[in-house]
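Single-structure report; data block below.
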Amino acid sequence: MLLSEILQGVSYTSENFSDIEIEDIVYSSRNAGSGKMFVALVGAFSDGHSYSDSAYLLGSRVFLVSKEVELPSDALVITVENTRAVLSQISANFFRHPERDIDVIGVTGTKGKTTVTHMLSTCLNECGIKSGVIGTVGAYYDGKYIPTVNTTPESYEIHRILRIMADAGCKACCIEVSSIGLKNNRVDDVTFSVGVFTNLSPDHIGGAEHDSFEEYAFWKKQLFKKCKTAIFNMDDEFSQEIIKEISIPFAGFSVNGEAAVSASDIKNIREDGFFGVGFRCKTEDGEFEAKIAMPGFFSVYNALSAVAVCKHYGVKNEDIASALEKARVKGRNELMDVPAPFAVIIDYAHNGTSFNSVIDTVREFPHGRIITVFGSVGDRAQLRRQEMGLVSGKKADLSVITSDDPGMEDPVAIAQEIASFVKQAGGEYVIIPDRTEAVHFALSQAKAGDIVLLLGKGHETVQKIKGEKVHYSDHESVESFFNKG
């Protein structure tokens, strides 16, 4: 694509502009090369302008910058006010505005984004609306997987993947939209057909994220200024704040009151091959019995948001009911299919709040013992070790303490620190640093009716150890236990 076409609508200056052909856009100097335009992004911990010379040495000759850079005279330098915002503009241009060819459904909120996007995509696909997902666990469409970084990837990645999905015949894409993604211009040039709000609570405050809860809330609101229509959790008081500031059509879902989509008669269900929750779902054109294989009261809210979006697309209640029962999210309250009389659940819970939620949820079901397997990340977040140790020590019958992502720290030392809090809470524990061995031990101890919770890794397939990424999967550890004999 010609450089002038890529820069359409962009305000810029350049002393040596030449309308040359551009093969690709990169924002990491490692990916630079001949024919590739390098965009110098300013991040919380690094500045891409410092890597412009590296990009030049690798062959890039076109540079988009917001600061002065020293480059040889044959470098074409384009200066803009905000390279991150302009990356969004030029990515949309480069990939021929894919959001015009596919409905983009944005989901935001403190909790539930991953589950809602995957649940919704499953429902739409099951109901004949071919769709994909972009979010925390990567991008999925038509049985294919594309790895991504961050809950909401950089704008270039979003537009690239949307173009792939649109060209593959997808009619919709469900995107997790984080407050950081909104703040960092990653969805500036995406028009959302539907925006979904799940809930809001204090999170991502401090460090390189948000200065205050007010700022965090402000960025959440911005999604709904980019939407054609919206879906709100009417039981969360923040919904009313957003509604006051928008003029687009919207619908709501609720457990506690009247809304376009609501739930009643909520009940836990544990039976052969199913561990989840059921409820009576009421929509504006009737009622139906819903079952979702994800335990917990919060799962009802996630399901209701998916129902509300499906109703926006005119999907019949009976089709939604069938689709909901098939919905699964890897590593999120995921019940493994194992040849054993006990339950094995894999979840991404990795702090005290999420531990409380997961353990309290499974305790509501008929159960024997609850066995947890978990560790904690190294090099940061020491408070989590205390929180998780105290919760597991108090609420689980056995804590198997192991490694998570120890980083540069000694995994044994991390485990011993966690163990001190499990002991403080009066809990029984064992330390097994190797995570696969820890999982195998927990499964070997489980008896009929027990629930084994593998916490912290969820969908992840690597462990970060001493600066290296080592392959690891809780799913594979479970499978290897049952296949070893």
Side-chain angles (χ1 to χ4, degrees), residues 1 3 5-13 22 24-28 37-44 47-49 64-67 78-109 113 117 134-136 139 148-166 172-197 204 208-210 215-230 242 245-248:
M1 181 178 283
L3 182 56
E5 296 176 293
I6 292 174
L7 293 172
Q8 186 174 0
V10 176
S11 176
Y12 66 91
T13 59
I22 299 296
D24 202 358
I25 300 166
V26 299
Y27 52 89
S28 169
M37 177 182 185
F38 176 72
V39 181
L41 299 181
V42 179
D47 187 341
H49 294 81
L64 186 79
V65 302
S66 59
K67 303 176 183 178
I78 299 161
T79 303
V80 298
E81 183 176 341
N82 181 339
T83 52
R84 196 173 289 278
V86 172
L87 176 62
S88 176
Q89 288 181 272
I90 63 177
S91 296
N93 290 338
F94 186 73
F95 291 106
R96 309 185 314 281
H97 291 274
E99 78 280 0
R100 297 173 183 172
D101 300 325
I102 184 173
D103 277 11
V104 184
I105 302 166
V107 180
T108 198
K113 295 186 294 295
T117 51
I134 300 174
T136 303
T148 61
V149 177
N150 299 320
T151 296
T152 306
E154 288 294 349
S155 54
Y156 172 92
E157 305 301 336
I158 289 175
H159 288 284
R160 178 179 72 88
I161 295 169
L162 285 176
R163 172 47 60 197
I164 291 171
M165 289 182 181
C173 177
C174 310
I175 298 183
E176 292 184 55
V177 185
S178 67
S179 55
I180 296 299
L182 288 157
K183 180 180 179 179
N184 287 344
N185 310 100
R186 295 173 190 164
V187 293
D188 276 9
D189 292 84
V190 177
T191 298
F192 293 88
S193 298
V194 184
V196 180
F197 172 70
H204 303 290
E209 297 186 288
H210 299 291
E215 189 208 330
Y216 174 56
F218 168 82
W219 286 109
K220 288 293 186 189
K221 291 179 184 178
Q222 302 316 300
L223 170 63
F224 300 94
K225 298 178 181 179
K226 303 171 62 59
C227 299
K228 296 177 182 177
T229 189
I242 305 174
E245 299 182 16
I246 62 173
S247 57
I248 58 175

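Everything quoted here is computed from the prediction, not taken from an experiment.
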Do [X] and [Y] make a side-chain contact, defined as non-hydrogen atoms from C-beta onward lying under 4.5 Å apart?
X      : Y      : result
Thr83  : Leu87  : no
Ile175 : Thr117 : no
Val10  : Ile90  : yes
Val196 : Lys113 : no
Phe38  : Tyr27  : no
Gln222 : Val187 : no
Ser193 : Val104 : no
Phe192 : Thr229 : no

Value rounded to 0.5 Å, distance of [atom1] in [X] from [atom2] in [Y]:
X      : Y      : atom1 : atom2 : answer
Ile180 : Thr151 : CD1   : OG1   : 9.5 Å
Leu7   : Phe94  : CG    : CZ    : 12.0 Å
Ile158 : Asp188 : CD1   : CG    : 10.0 Å
Leu162 : Glu99  : CG    : CD    : 7.5 Å
Ile78  : Tyr12  : CD1   : OH    : 6.5 Å
Ile102 : His97  : CD1   : NE2   : 15.5 Å

Specify the closest pair of heavy atoms between [X] and [Y], including all atoms of both residues, with the distance to one decimal.
X      : Y      : result
Ala92  : Pro98  : O-CD, 4.3 Å
Ala166 : Asp101 : CB-CB, 4.1 Å
Ala40  : Gly48  : CB-C, 3.7 Å
Gly106 : Val177 : CA-CG2, 3.8 Å
Thr152 : Ser178 : OG1-N, 2.9 Å
Ser11  : Val80  : O-CG1, 3.7 Å

Original post:
Taking NZ, NE, NH1 and NH2 as the nitrogens, is one of them in Lys67 or Asp47 under 4.0 Å from a carboxylate oxygen of the other?
Top reply: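 Asp47 and Lys67: salt-bridged.
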For the backbone of [Y] and the side chain of [X], can you confirm whether one donor and one acceptor N or O come within less than 3.5 Å of each other?
X      : Y      : result
His49  : Ser66  : yes
Arg163 : Phe95  : yes
Thr148 : Gly135 : yes
Asn184 : Arg186 : no
Gln89  : Asp189 : no
Asp103 : Ala172 : no

**OP:** Tell me, with the steps shown, if Val39 and Arg84 meet side chain to side chain contact (heavy atoms under 4.5 Å, CB included).
**Re:** CA-CA 8 Å; Val39 181; Arg84 196 173 289 278; over 6 Å; no
Subject >> Lys228: salt bridge (Lys or Arg N to Asp or Glu O under 4.0 Å) partners, not counting sequence neighbours >> reply: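 In terms of salt bridge (Lys or Arg N to Asp or Glu O under 4.0 Å), with neighbours along the sequence ignored, Lys228 is linked to no residue.
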**OP:** List for me each residue that meets salt bridge (Lys or Arg N to Asp or Glu O under 4.0 Å) alongside Arg160, sequence neighbours excluded, and say none if there are none.
**Re:** Glu157
Subject >> Between Ser88 and Asn185, a side-chain donor and acceptor under 3.5 Å >> reply: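 Per modelled atom types, Ser88 and Asn185 side chains form no pair under 3.5 Å.
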Original post:
Would Met1 and Ile22 satisfy side chain to side chain contact (heavy atoms under 4.5 Å, CB included), going step by step from the backbone distance to the final call?
Top reply: CA-CA 5 Å; Met1 181 178 283; Ile22 299 296; 5.7 Å; no
Subject >> Among Lys220, Lys183, Lys221, the one residue meeting salt bridge (Lys or Arg N to Asp or Glu O under 4.0 Å) with Glu215 >> reply: Lys183
Original post:
Should Val190 and His159 be marked as a side chain to side chain contact (heavy atoms under 4.5 Å, CB included) after you check the CA-CA gap, both sets of side-chain angles, and the distance that decides it?
Top reply: CA-CA 8 Å; Val190 177; His159 288 284; 4.0 Å; yes
**OP:** Could you walk me through whether Glu176 and Val107 pass the side chain to side chain contact (heavy atoms under 4.5 Å, CB included) test, one step at a time?
**Re:** CA-CA 5 Å; Glu176 292 184 55; Val107 180; 5.7 Å; no
Original post:
More than 12 non-hydrogen atoms from neighbouring residues, nucleotides or ligands closer than 6.0 Å to CD on Glu81, yes or no?
Top reply: no
